[in-house]
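Order of appearance sets the numbers: ligands from 1, and atoms from 1 within every ligand. On a predicted model such as this, the values are computed, not experimentally measured, just so you know.
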Amino acid sequence: MEKWPIGVFASIDAGLGVHLSVAQDLGISTIQLHAPHANNRNPQSAQQFLGELAKLGIQLTAVFGGFDGESYADIPTVERTVGLVPTDTRAERLAEMKEISDFARLLECKVVALHLGFVPHERDSDAYREIVAITRELCDYVAGNGQALHLETGQETAEALVQFIDDVAADNLFVNFDPANMILYGTGEPIAALKLLGDRVRSVHCKDGTWASQPGKEWGREVPLGQGDVDMSAYLRTLRNIGYDGPLTIEREIPQEPERQKAEIAGALELLERIKSEIL
Ligand code: MG
């Protein structure tokens, strides 16, 4: 694969991503896929989707799990509803994540990813030990499918994420780095975070945002790439310096406005190609 192929976050039947046709129209060669609903996760739909990808010459680089009942309405709601951290949905979501890994295997995809949720901070608490154990169980399972597990950044500081990954101690656990999320959640300056995470970063999002007036208490604002507080040139230079060669996957989370979403992804593509040509 060429260094830093451009990608886009895509969906089949749901989620925040764009339809495959958007990648096709913009000439984008890789996608990350938001996992489809359970009724579309079967061998027939996998075969059909693989056929479409082959026809379009698009490579699938990661499958992202997501769950019913998750809401990103505000930061406290994320804490309560997202990922494997909420205890009352944990068992069913762990089972679903394993099933998503099986579906990703049918799609011949070597990476599954998710927002784990707000990991508790007290390392000596039962709550922390439980989420470490469940993440290790999921890592073991996806390893059986020949896959790595990538954790989306945002809810933790980079320091806490490094500590968590070390505590899970699985050799297939890595990071999907999203620089805008560090800003939106108020968990740290993205370039410093990227340097600290270093070679744990095995996939990335290209997304931009602006800091909230009270970071960590309220949301920052997601904005088109190049218009926010992520220094995109410094971002790509830092990716080069940590030895990252993988796809640059554009994410623009405004699925309710598909025309604008496509136009702003086209703008992001142009910006990334220009910076690539300057620094590669
Ligand atoms: Mg992201």
Side-chain angles (χ1 to χ4, degrees), residues 4-11 14-18 22-23 28 30-35 60-67 70-75 77-79 81-85 97 100 104 109 111-119 148-158 161 173-191 193-194 197 200-212 219-230 232 235-236 238-239 244 246-256 261 264-265 268-269 271-272:
W4 291 352
I6 304 295
V8 68
F9 196 80
S11 306
L16 299 167
V18 298
V22 173
I28 289 175
T30 78
I31 59 161
Q32 293 184 344
L33 182 70
H34 191 277
L60 173 63
T61 62
V63 174
F64 263 75
F67 309 105
E70 291 186 319
S71 167
Y72 291 85
D74 52 38
I75 291 178
T77 305
V78 172
E79 215 161 327
T81 66
V82 167
L84 299 180
V85 171
M97 206 53 215
I100 287 170
C109 187
V111 175
V112 289
L114 83 161
H115 267 294
L116 203 55
F118 275 91
V119 172
L149 183 69
H150 292 192
L151 301 179
E152 171 86 345
T153 55
Q155 288 114 357
E156 281 74 43
T157 63
L161 190 56
L173 181 59
F174 300 107
V175 171
N176 183 86
F177 189 79
D178 185 324
N181 281 356
M182 305 304 296
I183 290 173
L184 299 175
Y185 285 88
T187 41
E189 202 282 314
I191 305 300
L194 180 60
L197 289 163
R200 289 178 172 84
V201 173
R202 299 296 171 91
S203 57
V204 304
H205 286 162
C206 292
K207 194 172 89 186
D208 211 343
T210 56
W211 292 93
W219 281 128
R221 200 163 61 88
E222 194 204 332
V223 298
L225 207 72
Q227 296 179 24
D229 292 328
V230 179
M232 278 298 152
Y235 182 45
L236 265 62
T238 307
L239 286 171
Y244 180 79
L248 303 176
T249 302
I250 299 165
E251 193 179 32
R252 184 69 178 109
E253 302 187 49
I254 47 168
Q256 69 282 8
Q261 187 182 35
E264 292 181 356
I265 289 168
L269 173 65
L271 176 67
L272 291 172

Practice prompt. Drop me the distance from Thr153's OG1 to Leu116's CG, to the nearest 0.5 angstrom.
Written response: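 Atom-to-atom, Thr153:OG1 and Leu116:CG are 12.5 Å apart.
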Fill in: Pairwise distance CD1(Ile183) to CD(Glu222) - rounded to 0.5 angstrom
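That separation rounds to 11.5 Å.
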Worksheet entry | the Mg ion (ligand 1) contact by Asp178, N, O or S atom under 2.8 Å |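 For Asp178, the answer is yes, given that an N, O or S atom comes within less than 2.8 Å of the Mg ion (ligand 1).
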Practice prompt. Taking the Mg ion (ligand 1) as the vertex, measure the angle between atom OE1 in Glu251 and atom ND1 in His205; round to 10°.
Written response: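 That angle is 80°.
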Item to complete: Indicate yes or no: at least one non-hydrogen side-chain atom of Ile100 is less than 4.5 angstrom from one of Leu114.
Response: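 They are not in side-chain contact.
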Worksheet entry | Nearest to the Mg ion (ligand 1) - the N/O/S atom of Glu152, by atom name |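 Closest to the Mg ion (ligand 1) among those atoms: OE2.
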Worksheet entry | Candidate list Phe64, Tyr235, Phe177, test ring-ring contact (aromatic ring centres under 6.0 Å, His included), partner His205, passing option |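 So, applying the ring-ring contact (aromatic ring centres under 6.0 Å, His included) to His205 and each of Phe64, Tyr235, Phe177, only Phe64 qualifies.
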